[in-house]
Student: 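One structure coming up, written as structure tokens, with questions to follow.
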Amino acid sequence: MLLARLAQVSQEVAATSARSKKIALLAELFREAEPDDVPIAIPYLAGRLPQGRLGVGWKVLSRPVPPAAEPSLTVAAVDALLTELGKVSGTGSQAERARLVGELMGAATEPEQRFLLGLLSGEVRQGALDAVATEGLAQATQTPSADVRRAVMLAGSLQTVAEALLADGPEALDRFRLTVGRPVLPMLAHSATSVAEAVGKLGACAVEEKLDGIRVQVHRDGDTVHVYTRTLDDITDRLPELTAAARELRGDRFILDGEVISFDAAGRPRSFQETAGRVGSRVDVATAAEQVPVSPVFFDALSVDGHDLLDLPFAQRHTELARLVPEPMRVRRTLVSGPDDVGAAESFLAETLERGHEGVVVKSLDAPYSAGRRGASWLKVKPVHTLDLVVLAAEWGHGRRTGKLSNLHLGARREDGSYAMLGKTFKGMTDAMLTWQTERLQALATGTDGYVVTVRPELVVEIAYDGLQRSTRYPAGVTLRFARVVRYREDKRPEEADTVETLLAAHPEVKP
DNA sequence: TTCCGACAGTGGGGTCGCAAT
DNA sequence: ATTGCGACCCCACTATCGGAA
């Protein structure tokens with residue numbers, strides 16, 4: 001198959017907003033693909049590379065290369081070149097990578113170049129990623145989409161399922177069963193604004209501590225233990241404590257879901273930054289483990305002693321978890337009978353925050369484990385802080401925000417009347433707000449470098465955020481975590497905005 | 001007809017590790 | 001030794017489609 005054909009389909013998919021049409025276009029292409037093209041074409045049209053990341057980013061891709069006049073690249077040739085590129089990434093030379101990228105781009109026509117750039121930078125912007133491609137695959141093979149989705153969750157990979165399905169037909173899906181040693185996509189949570197709202201939606205539920213660490217899926221089969229992240233990367237070697245902990249447990253074949261986090265000497269949770277730094281350390285694990293030891297805290301069991309628990313209600317899965325894992329290694333929780341009992345949930349949240357944790361997750365007791373989906377049966381509740389800050393500058397947006405000032409630079413007042421930038425945000429804006437702020441900020445503009453428009457510090461905006469964290473990038477030594485716009489405060493003068501001092505006073509545990 | 005679940009898009013900050021400087 | 005870059009952790013929110021109610 002020619003790359004030009006893929007680029008054309010991607011273009012057609014991008015051109016329609018109807019999901020049903022996107023799915024039909026993808027299905028048509030999947031049907032016409034040769035068996036050898038399938039493991040390449042499927043991930044390409046799901047906006048991913050089969051090789052994963054290649055060590056090629058914006059820096060290399062931004063060098064323009066004259067396009068070819070006629071399409072000649074095949075999908076297989078592109079894949080071979082990218083595989084070569086992946087090997088070079090392992091061994092070194094940036095110059096060699098740049099040369100290979102140049103070679104590829106030089107052989108591509110203009111539309112092919114556009115498609116490849118999107119693919120390599122992870123921004124295909126065709127309105128179809130894995131989930132839509134999965135629907136397309138189901139349609140192409142005339143297989144119920146729920147069956148395909150489930151197989152993808154269990155395989156942790158769309159292309160594995162696609163190869164099997166297109167080669168052997170629907171019966172091939174039976175091969176994808178929950179297997180110890182093969183990670184599955186983890187179940188995710190939605191947000192709720194209060195425990196009352198969450199309990200109101202779910203009824204009888206468990207309220208569990210939400211720990212601010214790294215999500216882990218731990219597989220043990222005899223003496224063999226593997227630890228996977230949320231994106232199914234194998235991080236076993238970085239976390240020797242988890243292998244040891246898994247081997248201590250009474251069962252010898254299981255899959256558990258939990259969080260890994262570091263506690264200080266006093267038993268308080270360390271900051272996310274500290275835990276994430278430890279989990280990210282790969283070179284001298286022994287030293288890192290000594291300085292920042294981590295502990296697993298489990299909250300779900302997917303498989304125990306060869307039994308697949310995914311379809312059991314949470315209450316039963318937790319019974320299995322409790323049989324296997326002693327209490328100190330399980331997440332703290334309380335059971336709530338329903339909306340009449342919401343007081344118990346609220347006091348549990350208060351206690352949890354007092355213990356230094358992030359918030360709670362409210363979980364329906366009768367929901368199955370919906371791997372890979374952001375099911376509405378888990379609802380997280382975290383406290384939200386707000387501040388009134390001043391817009392110092394704004395950046396031009398990309399994609400659907402092209403031509404709109406999007407990303408705001410946020411400043412807090414200093415006592416001397418100047419402003420300290422605390423971070424940026426592009427979140428929380430409606431299209432109407434984008435239009436409004438583009439006009440308003442341009443009227444306040446004092447200069448631009450073509451990308452960042454600086455403005456007179458006059459516009460006050462109410463910002464919600466999850467917490468403060470240390471920063472080496474910003475002048476106050478701190479930055480906001482997950483800042484988003486709530487609303488503009490045109491009723492407020494910049495002199496009425498919050499100050500760095502009041503912000504620091506509100507978060508005494510964070511030292512700039 | 002209206003409501004709501006699922007999806008994609010738009011990017012934020014930090015940290016680590018590696019290659020280039 | 002320092003710097004720049006890419007990968008991968010954490011993540012919120014809005015717009016839109018299309019099936020469910």
Side-chain angles (χ1 to χ4, degrees), chain A residues 13-14 16-23 46-47 52-61 89-97 120-135 149 188-191 201 211-216 229-233 235 238 259-260 271-284 288 358 370 372-376 380 382 384 395 397-402 404 406-410 422-434 463-474 478-486:
Chain A
V13 169
T16 173
S17 67
R19 202 123 72 202
S20 48
K21 179 137 186 242
K22 291 177 193 286
I23 291 167
R53 296 268 77 89
L54 291 173
V56 174
W58 172 85
K59 190 70 187 172
V60 173
L61 296 176
S89 294
T91 58
S93 176
Q94 204 176 74
E96 177 63 5
R97 269 179 308 194
L120 288 168
S121 65
E123 295 169 7
V124 287
R125 290 187 177 128
Q126 62 183 14
L129 297 174
D130 258 13
V132 172
T134 301
E135 292 294 322
R149 266 207 312 269
L188 305 171
H190 271 186
S191 296
K201 278 186 181 164
L211 309 183
D212 197 5
I214 306 288
R215 182 81 174 266
V216 284
T229 64
R230 194 166 96 80
T231 48
L232 311 190
D233 287 313
I235 54 167
R238 298 183 223 166
E259 192 89 359
V260 62
S271 72
F272 173 75
Q273 285 171 303
E274 289 173 284
T275 297
R278 160 60 210 281
V279 176
S281 299
R282 282 160 282 180
V283 173
D284 188 356
E358 217 189 343
S370 3
R373 317 214 87 183
R374 212 170 267 286
K380 56 184 163 186
K382 297 189 283 184
V384 175
E395 298 173 12
H398 299 90
R400 71 185 297 281
R401 293 192 178 187
T402 300
K404 295 285 195 305
S406 171
N407 201 1
L408 305 178
H409 295 199
L410 304 169
L422 287 178
K424 309 180 191 180
T425 185
F426 56 90
K427 297 173 190 166
M429 298 143 186
T430 61
D431 286 359
M433 284 165 83
L434 281 165
I463 297 294
Y465 66 105
D466 277 21
L468 203 61
Q469 54 186 354
R470 262 215 284 259
S471 171
T472 53
R473 178 176 312 205
Y474 293 110
V478 292
T479 187
L480 304 178
R481 193 161 179 212
F482 310 138
R484 60 266 189 192
V485 171
V486 178

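Because the structure is a prediction, the values reported are computed rather than measured.
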Student: Looking at A:Glu395 and A:Lys424, does any basic side-chain N land under 4.0 Å from a carboxylate oxygen?
Tutor: yes

Student: Between B:dG11, C:dA15, C:dA12, which nucleotide has the shortest distance from any of its atoms to the side chain of A:Arg400?
Tutor: C:dA15

Student: Taking A:Arg400 first and then A:Asp431, would you say they form a salt bridge - that is, a charged N and a carboxylate O separated by under 4.0 Å?
Tutor: yes

Student: I want to verify a distance call: between B:dG12, C:dA15, C:dA12, whose nearest atom is closest to the A:Asn407 side chain?
Tutor: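 Closest of the options to the side chain of A:Asn407: B:dG12.
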
Student: If you pin A:Arg401 and A:Ile214 to their nearest nucleotides in DNA chain C, which one's is more 5'?
Tutor: A:Ile214

Student: Rounded to the nearest angstrom, tell me the gap between atom CZ in A:Phe426 and atom P in B:dG12.
Tutor: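 To the nearest whole Å, that distance equals 6 Å.
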
Student: Do any side-chain nitrogens or oxygens of A:Ser281 fall under 4.0 Å of OP1 or OP2 in B:dT15?
Tutor: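 Answer is no, no contact under 4.0 Å.
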
Student: Measure the distance from CD on A:Glu135 to P on B:dA8 and round it to the nearest whole Å.
Tutor: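 Rounding to the nearest Å, CD of A:Glu135 and P of B:dA8 are 10 Å apart.
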
Student: Quick one: which of B:dG11, B:dG13, C:dG18 gets closest to the side chain of A:His398?
Tutor: B:dG11

Student: So what does A:Glu123 hit on the nucleic acid, given a heavy-atom distance under 4.0 Å: a base, only sugar-phosphate, or nothing?
Tutor: nothing

Student: Considering only side-chain heavy atoms of A:Lys382, which listed nucleotide, B:dC7, B:dG11, C:dA12, is closest?
Tutor: C:dA12

Student: From the set C:dC17, C:dA12, B:dG9, return the single nucleotide nearest to any side-chain atom of A:Phe482.
Tutor: C:dA12

Student: Using the side-chain heavy atoms of A:Gln469, tell me which of these nucleotides is nearest: B:dC16, C:dT14, B:dG14.
Tutor: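 That would be B:dG14.
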
Student: Nearest-Å distance, CG (A:Leu188) to P (C:dC10)?
Tutor: 10 Å

Student: Does A:Gly397 or A:Glu274 map to a spot on DNA chain B nearer the 5' end, using the closest nucleotide for each?
Tutor: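 Counting from the 5' end, the first nearest nucleotide belongs to A:Gly397.
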
Student: Would you say A:Arg230 places a side-chain N or O within less than 4.0 Å of OP1 or OP2 belonging to C:dC10?
Tutor: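 For A:Arg230, the contact criterion (side-chain N or O under 4.0 Å from OP1 or OP2 of C:dC10) is met.
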
Student: For A:Asp212, report the nucleic acid contact type (base, sugar-phosphate, nothing); a contact means any heavy atom under 4.0 Å.
Tutor: nothing

Student: May I have the distance from A:Arg19 (atom CZ) to C:dA15 (atom P), rounded to whole angstrom?
Tutor: 15 Å

Student: I want to check one thing: is the phosphate of C:dC13, taken as OP1 and OP2, less than 4.0 Å away from some side-chain N or O of A:Ser191?
Tutor: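 For C:dC13, neither OP1 nor OP2 has a side-chain N or O of A:Ser191 closer than 4.0 Å.
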
Student: What nucleic acid atoms does A:Ala276 come within less than 4.0 Å of, heavy atoms only: base, sugar-phosphate, or nothing?
Tutor: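 No contact.
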
Student: Rounded to whole Å, please give me the gap between CD in A:Gln273 and P in C:dC10.
Tutor: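 That distance rounds to 15 Å.
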
Student: Just do the side-chain contact (heavy atoms from CB on, under 4.5 Å) check on A:Asp466 and A:Lys382 with the steps written out, would you?
Tutor: CA-CA 8 Å; A:Asp466 277 21; A:Lys382 297 189 283 184; 2.8 Å; yes

Student: Below 4.0 angstrom from OP1 or OP2 of B:dG11, is there any side-chain N or O of A:Ser406?
Tutor: yes

Student: Among C:dC11, C:dC13, B:dG12, which nucleotide sits nearest the side chain of A:Lys380?
Tutor: C:dC11

Student: Measure NZ/A:Lys427 against P/C:dC13 and give the value in whole Å, please.
Tutor: 8 Å

Student: Under 4.0 Å, counting only non-hydrogen atoms across every strand here, what does A:Val132 touch: a base, just sugar-phosphate, or nothing?
Tutor: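 Counting heavy atoms under 4.0 Å across all strands, the contact made by A:Val132 is with sugar-phosphate only.
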
Student: In whole angstrom, give the distance that lies between atom CZ of A:Arg282 and atom C1' of C:dC8.
Tutor: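 In whole Å, C:dC8 C1' lies 8 Å from A:Arg282 CZ.
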
Student: My understanding is that only one of A:Leu188, A:Val216, A:Ile214 makes a side chain to side chain contact (heavy atoms under 4.5 Å, CB included) with A:Arg230; could you say which?
Tutor: A:Leu188

Student: From C-beta outward on A:Thr479, which listed nucleotide comes closest to its side chain: B:dC16, B:dG5, B:dG13?
Tutor: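 Between B:dC16, B:dG5, B:dG13, the one nearest the side chain of A:Thr479 would be B:dG13.
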
Student: Which atom names give the shortest non-hydrogen contact between A:Gly47 and A:Leu129, and what distance separates them?
Tutor: CA-CD2, 4.3 Å

Student: Which comes earlier along DNA chain C counting from the 5' end, the contact point of A:Lys21 or that of A:Val384, where each point is its nearest nucleotide?
Tutor: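 Residue closer to the 5' terminus by nearest nucleotide: A:Val384.
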
Student: Could you report the tightest heavy-atom contact between A:Val132 and A:Arg19, atom names first, then the distance?
Tutor: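 For A:Val132 and A:Arg19, the tightest heavy-atom pair comes out as CG2-CD, 3.9 Å.
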
Student: At under 4.0 Å, does any side-chain N or O of A:Ser471 touch on OP1 or OP2 of B:dG13?
Tutor: no

Student: Taking OP1 and OP2 of C:dC9, is either one under 4.0 Å from a side-chain nitrogen or oxygen of A:Thr229?
Tutor: yes

Student: Given C:dC8, B:dG12, C:dA15, which nucleotide is nearest the side-chain atoms of A:Asp233?
Tutor: C:dC8

Student: Do any side-chain nitrogens or oxygens of A:Arg125 fall under 4.0 Å of OP1 or OP2 in B:dG9?
Tutor: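 No, no such contact exists.
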
Student: For A:Ala133 and A:Arg481, find the nucleotide of DNA chain B closest to each by heavy atoms; which residue's nucleotide sits nearer the 5' end?
Tutor: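 Nearer the 5' end of the strand: A:Ala133.
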
Student: So does A:Arg473 get a side-chain nitrogen or oxygen closer than 4.0 Å to the phosphate oxygens (OP1/OP2) of B:dG14?
Tutor: yes

Student: Got a salt bridge between A:Asp233 and A:Arg238, using NZ or NE/NH1/NH2 to carboxylate O under 4.0 Å?
Tutor: no

Student: Could you check which of C:dG6, B:dT10, B:dG14 has an atom nearest any side-chain atom of A:Trp58?
Tutor: C:dG6

Student: Is it the case that more than 12 heavy atoms not belonging to A:Arg484 sit under 6.0 Å from its CZ atom?
Tutor: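 Result for CZ/A:Arg484: enclosed.
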
Student: For C:dG18, give its Watson-Crick or G-U wobble partner with both distances under 3.5 Å, or none.
Tutor: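 Looking at the geometry, C:dG18 pairs with B:dC4.
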
Student: Starting at atom CD of A:Glu358, determine the distance to atom P of C:dA12, rounded to an integer number of angstrom.
Tutor: 8 Å

Student: What's A:Tyr465 touching, base or sugar-phosphate or nothing? Going by heavy atoms closer than 4.0 Å.
Tutor: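 Result for A:Tyr465 = nothing.
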
Student: A:Thr425 near the nucleic acid: base, sugar-phosphate alone, or nothing, with a heavy-atom cut-off under 4.0 Å?
Tutor: nothing

